[in-house]
Asks: 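To start, I am sharing the structure in question, which I have written as structure tokens.
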Amino acid sequence: MMKYIMTGMIVLSFIFAAVTGRMSELSTAFLEECGGAVELAIYLVGVIALWSGLMRVAQSSGLTEKLAKLTAPLLSKLFGGLSRGGKAMQYITLNITANILGLGNASTPFGIAAMREIEKEERSSVPEVASRNMITLTVMNTASLQLIPTTAAALRLKYGSESPMEILTCVWITSVCALAAALIACRVLGGRRRL
């Protein structure tokens, strides 16, 4: 679906530029923004690499196992049927920790690994259907509770913000509201039909 939306935006840009006689501005914008996109990607790679490396160190040092045990009482209520000390719960903990630190891109590999481990642990009779735990993880990952919006702050700093963390309170409020709404919807809709 996204490819159609992006293609539509590009086609409409060309049509409107041609109709309004602004093809030169469109060409200039395309060239300048392509360079800006590459520059931004390189800038963000450093932030993501740093935090991904720290998360990997936490995993190798056994910190994630301790975090999994610490968060087990809460997470076991959200992810019923999973082993408290199992690999699935460790990857879920890493995924949630990365999201809390505002590292959505760094959390993706942990989310994928968690999905694989959930599938192994649950051994569903219908493997092509997502389980309740898989849906809960997806919902939590999408809502993304953030205590430290690292990526957003890095983007604000990059584009000249004098106070990149001034959005902190707003991020906390919207993150908590989004997560609560997502989990409630997951539970309510999950109760209507078997997931």
Side-chain angles (χ1 to χ4, degrees), residues 1-49 51-52 91-92 94-96 98-119 122 124 126-146 149-161 167 170-171 173-195:
M1 182 66 174
M2 261 332 262
K3 66 180 176 183
Y4 297 118
I5 292 172
M6 296 305 290
T7 303
M9 288 173 61
I10 292 169
V11 169
L12 285 173
S13 297
F14 275 103
I15 290 170
F16 283 113
V19 169
T20 59
R22 295 183 173 178
M23 285 301 281
S24 63
E25 286 105 332
L26 179 68
S27 302
T28 304
F30 267 123
L31 293 174
E32 287 176 0
E33 294 309 315
C34 287
V38 171
E39 184 182 317
L40 178 62
I42 291 169
Y43 179 79
L44 287 177
V45 162
V47 174
I48 292 168
W51 286 102
S52 295
Y91 281 119
I92 289 168
L94 279 172
N95 178 268
I96 291 169
N99 276 321
I100 285 172
L101 295 173
L103 304 166
N105 293 332
S107 73
T108 302
F110 300 124
I112 292 168
M115 288 292 188
R116 287 187 182 130
E117 293 301 325
I118 290 170
E119 188 175 32
E122 292 181 337
S124 174
V126 189
E128 63 274 0
V129 176
S131 70
R132 182 183 299 272
N133 287 325
M134 290 177 173
I135 292 170
T136 300
L137 179 61
T138 303
V139 164
M140 287 183 73
N141 202 16
T142 305
S144 184
L145 176 64
Q146 292 186 14
T150 311
T151 304
L155 286 170
R156 287 173 53 83
L157 184 64
K158 166 86 172 121
Y159 288 106
S161 174
I167 60 170
C170 294
V171 168
I173 292 168
T174 56
S175 292
V176 168
C177 290
L179 181 61
L183 287 174
I184 290 167
C186 184
R187 292 297 174 218
V188 169
L189 297 175
R192 291 187 174 182
R193 57 189 279 278
R194 190 160 183 257
L195 298 175

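These numbers come from the heavy atoms of this one structure, side chains and all, not from hydrogens, waters or symmetry mates. The structure displayed is predicted, hence computed values, not measured ones.
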Asks: Do you know which two heavy atoms are closest between Cys186 and Ile135, and how far apart they sit?
Replies: SG-CG2, 3.7 Å
Asks: Identify the heavy atoms of Met134 and Met115 that sit nearest to each other, and give their distance.
Replies: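 Shortest heavy-atom contact: O-CE, 3.2 Å.
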Asks: Which pair of heavy atoms, one from Leu26 and one from Ser13, lies closest together, and at what distance?
Replies: CD2-O, 3.9 Å
Asks: With rounding to the nearest 0.5 Å, note down the distance linking OG1 in Thr136 to CG in Asn141.
Replies: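 Going from OG1 on Thr136 over to CG on Asn141, the span is 12.0 Å.
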Asks: With rounding to the nearest 0.5 Å, note down the distance linking OG1 in Thr138 to CG in Asn133.
Replies: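 Thr138 atom OG1 to Asn133 atom CG measures 10.5 Å (nearest 0.5 Å).
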Asks: Atom CZ in Arg156, atom CD1 in Ile167: separation rounded to 0.5 Å?
Replies: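 Here the interatomic distance stands at 5.0 Å.
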Asks: Looking at every non-hydrogen atom in both residues, tell me the closest pair between Met23 and Ala18 and how far apart they are.
Replies: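 Reported closest heavy-atom pair: SD-N, 3.7 Å.
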Asks: Is there a side-chain contact (heavy atoms from CB on, under 4.5 Å) between Met9 and Met6 once you walk through the steps?
Replies: CA-CA 5 Å; Met9 288 173 61; Met6 296 305 290; 4.3 Å; yes
Asks: Look at atom CZ of Phe30 and say whether more than 12 heavy atoms of other residues, nucleotides or ligands are closer to it than 6.0 Å.
Replies: yes
Asks: What's the separation between atom OG1 in Thr174 and atom CG in Leu179, rounded to the nearest 0.5 Å?
Replies: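 It comes to 11.0 Å.
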Asks: Measuring from atom CG of Leu137 to atom OG1 of Thr142, what distance do you get when rounded to the nearest 0.5 angstrom?
Replies: 9.0 Å
Asks: Going through the checks in order, is the side-chain contact (heavy atoms from CB on, under 4.5 Å) test met by Asn95 and Met140?
Replies: CA-CA 10 Å; Asn95 178 268; Met140 287 183 73; over 6 Å; no
Asks: Check Leu183 against Val139 and note the closest heavy-atom contact, atom names and distance.
Replies: N-CG1, 4.0 Å
